[in-house]
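Read through the structure below, which is laid out as structure tokens, and then see the notes.
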Amino acid sequence: MRGLPSNVYLKEVGPRDGLQNEKQWISTDDKVAWINMLSKTGVSEIEYSSFVHPKMIPALKDARDVGKRIIRKSGVTYSALVPNMKGLEYALEAGIDGASVFMSASETHNRKNINKSISETYPVLTEVIKEAKNAGKIVTGYVSTVFDCPYEGRIAVDDVLRVCSQLIDSGVDYLSLGDTIGTAVPTQVENLLEGLFPYFPKDKLILHFHDTRGMAIANIMTALHMGITRFDSTVGGLGGCPYAPGAAGNVATNDVLYLLNGLGVETGINEKRIQEASIYIQNKLGKTLPSRSVAYLKNA
Ligand SMILES: [Zn+2]
């Protein structure tokens, strides 16, 4: 199809964004085994855990052990979520190639999620970004609720632009734009990207869709047509957001892959291995994951 990129870079965020919202405890042994499976799928990057305080996200309280025990495959970037300097210290000790900092484009969501105002968040992140860069790490700035916020409704493009500019000025390598509650439609994607393109190169922008309304694939298609080549996803469509009531999981890696393979866009990912990793975590969680492709595999 005309106007599509030839290659797409997928970051598997299942072990972080996916598991952080699951009540079912997944043992460290099982996490390590699963991440090792993901490493063999051909995915470009794996966000393996989060170094936020264990009380905030009990499901990922073993981030340090996971980081130390996973078998790292060359060619795969291993990253983790890092909220502050203490988290960065632990993450560096456990081993990371990339550090992801995070904040929200919505003042209220930022307060609920981080317990700080947007302006109070910048100095904390700026210090983390600087230290992570000094340590030679790739730094991604997640910006949540770039389209809609569960508390404030529609978010203005200017508000997103302001947060993105601050993060870029602080030194992040990439911006990951999050449809945290999974409500955006393609026109919103188009409006936001048109607003950001004059200021940021396309290859610095990652799109992070949740699939609450089943719009994620349509939104990805829009972004692909606009030249975006980086997306976050989770195997099976795991995930949600504790500070965004009603939000569903991330777009499923399986479904994104089905789309990209069908379009003839390269990812380097083996679809069968993604299915195996989906079935593995689905069995550990004891519930059916939302990906249409996993359901298809089960019924095949
Ligand atoms: Zn997310």
Side-chain angles (χ1 to χ4, degrees), residues 9-22 24-102 113-114 124-125 127-142 171-174 176 206 208 230 232-236 238-239 242 250 253 269 273-274 277-278 280-281 284-285:
Y9 182 104
L10 286 184
K11 175 165 68 169
E12 174 58 48
V13 296
R16 196 279 300 170
D17 207 1
L19 288 190
Q20 77 176 19
N21 299 296
E22 294 295 341
Q24 173 72 39
W25 167 250
I26 301 295
S27 73
T28 308
D29 282 350
D30 289 344
K31 282 178 187 139
V32 169
W34 180 47
I35 295 166
N36 290 343
M37 285 177 88
L38 292 169
S39 290
K40 292 177 189 157
T41 60
V43 74
S44 305
E45 180 168 351
I46 300 171
E47 195 165 77
Y48 72 76
S49 197
S50 169
F51 289 87
V52 302
H53 196 283
K55 274 192 186 136
M56 296 287 293
I57 304 183
L60 302 181
K61 66 182 179 189
D62 55 355
R64 296 164 79 181
D65 288 336
V66 170
K68 285 174 185 166
R69 289 180 48 195
I70 51 174
I71 298 164
R72 287 154 202 263
K73 193 167 178 295
S74 77
V76 180
T77 298
Y78 294 89
S79 54
L81 207 65
V82 172
N84 50 35
M85 290 302 284
K86 194 74 201 164
L88 180 64
E89 186 189 311
Y90 288 145
L92 292 173
E93 191 194 305
I96 46 166
D97 305 308
S100 307
V101 298
F102 57 98
N113 200 17
I114 310 180
V124 178
L125 297 193
E127 196 186 2
V128 173
I129 295 162
K130 188 170 159 243
E131 283 307 310
K133 290 306 297 173
N134 283 345
K137 307 305 174 190
I138 302 159
V139 183
T140 298
Y142 276 108
V172 300
D173 299 290
Y174 297 99
S176 181
I206 304 165
H208 178 108
R230 289 176 177 258
D232 296 342
S233 60
T234 63
V235 290
L238 276 171
N250 296 73
T253 309
I269 299 176
R273 289 190 174 165
I274 287 290
S278 309
Y280 178 88
I281 199 66
K284 294 292 172 190
L285 289 167

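Residue indices begin at 1 and follow the sequence shown. Please read all numbers here as calculations on a predicted model, not as lab measurements.
When every heavy atom of Leu38 is checked against every heavy atom of Ala277, the shortest pair comes out as CD2-CB, 3.7 Å. For the pair Lys61 and Pro54, the tightest heavy-atom approach, listed with the atom from each and the gap, is CB-CB, 3.7 Å. When every heavy atom of Ser176 is checked against every heavy atom of Thr140, the shortest pair comes out as CB-CG2, 3.9 Å. Considering all non-hydrogen atoms of both residues, Gly14 and Trp34 come closest at C-CH2, 3.6 Å. Minimum interatomic distance between Tyr48 and Gly67 (heavy atoms only, all atoms of both residues): CE1-CA, 3.4 Å. Closest non-hydrogen pair, Ser233 versus Thr253, comes out as OG-OG1, 2.9 Å.
Checked by atom type and distance alone, the side chain of Gln20 never pairs as donor or acceptor with a backbone atom of Ile57 at under 3.5 Å. Using modelled atom types, one side-chain atom of Arg273 and one backbone atom of Lys40 make a donor-acceptor pair closer than 3.5 Å. Between the side chain of Asn36 and the backbone N or O of Ile71 there is at least one donor-acceptor pair closer than 3.5 Å. Remark: the backbone N or O of Gln24 is not paired with any side-chain donor or acceptor of Glu22 at under 3.5 angstrom.
Between the side chains of Thr28 and Asp62, at least one donor-acceptor pair of N or O atoms lies under 3.5 Å. One side chain, Glu47 or Ser100, offers a donor N or O that lies under 3.5 Å from an acceptor on the other.
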- Candidate pair Asp17 and Asp232, rule side-chain contact (heavy atoms from CB on, under 4.5 Å), full reasoning: CA-CA 10 Å; Asp17 207 1; Asp232 296 342; over 6 Å; no

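The side-chain hydrogen bond (donor to acceptor under 3.5 Å, both in side chains) check on Ser278 picks up Asn254, with sequence neighbours excluded. The side-chain hydrogen bond (donor to acceptor under 3.5 Å, both in side chains) test applied to Asp29 returns Arg69, not counting sequence neighbours. Every residue two or more places apart in sequence or in another chain that forms a ring-ring contact (aromatic ring centres under 6.0 Å, His included) with Tyr142 is listed here: His208.
In this structure, Lys130 places its NZ atom where only 12 or fewer heavy-atom neighbours from other residues, nucleotides or ligands lie under 6.0 Å away. Within a 6.0 Å sphere centred on CD of Glu127, heavy atoms belonging to other residues, nucleotides or ligands number 12 at most.
Between the CG atom in Leu285 and the CD1 atom in Ile26 there is a gap of 4.0 Å [rounded to 0.5 Å]. Within the model, atoms OG of Ser44 and CD of Glu12 stand 11.0 Å from one another, a figure rounded to the nearest 0.5 Å. Put simply, CD on Glu89 and CD on Glu93 are 7.0 Å apart, with the number rounded to the nearest 0.5 Å. Taken to the nearest 0.5 Å, the CZ atom of Arg72 stands 9.0 Å off from the CD1 atom of Ile96. Atom NZ of residue Lys31 and atom CG of residue Asp65 lie 9.5 Å apart, to the nearest 0.5 angstrom. If you take CD1 on Ile274 and OG1 on Thr41, they are separated by 4.0 Å, rounding to the nearest 0.5 Å.
The only option from Ile35, Leu19, Leu60 that meets the side-chain contact (heavy atoms from CB on, under 4.5 Å) definition with Ser49 turns out to be Leu60.
Between Ile206 and Tyr9 there is no side-chain heavy-atom pair separated by less than 4.5 Å.
The salt bridge (Lys or Arg N to Asp or Glu O under 4.0 Å) analysis of residues 48-60, with sequence neighbours excluded, yields no pairs. Residue pairs meeting the salt bridge (Lys or Arg N to Asp or Glu O under 4.0 Å) criterion with at least one partner in residues 133-142, sequence neighbours excluded, are Lys133-Asp173.
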In residues 74-84, what donor-acceptor pairs under 3.5 Å come from side-chain atoms, sequence neighbours left out?
unit_1	atom_1	unit_2	atom_2	d
Tyr78	OH	Ser39	OG	2.6
Tyr78	OH	Lys73	N	3.0
Ser79	OG	Glu45	OE2	2.8
Asn84	OD1	Lys86	N	3.3
Asn84	OD1	Gly87	N	2.8

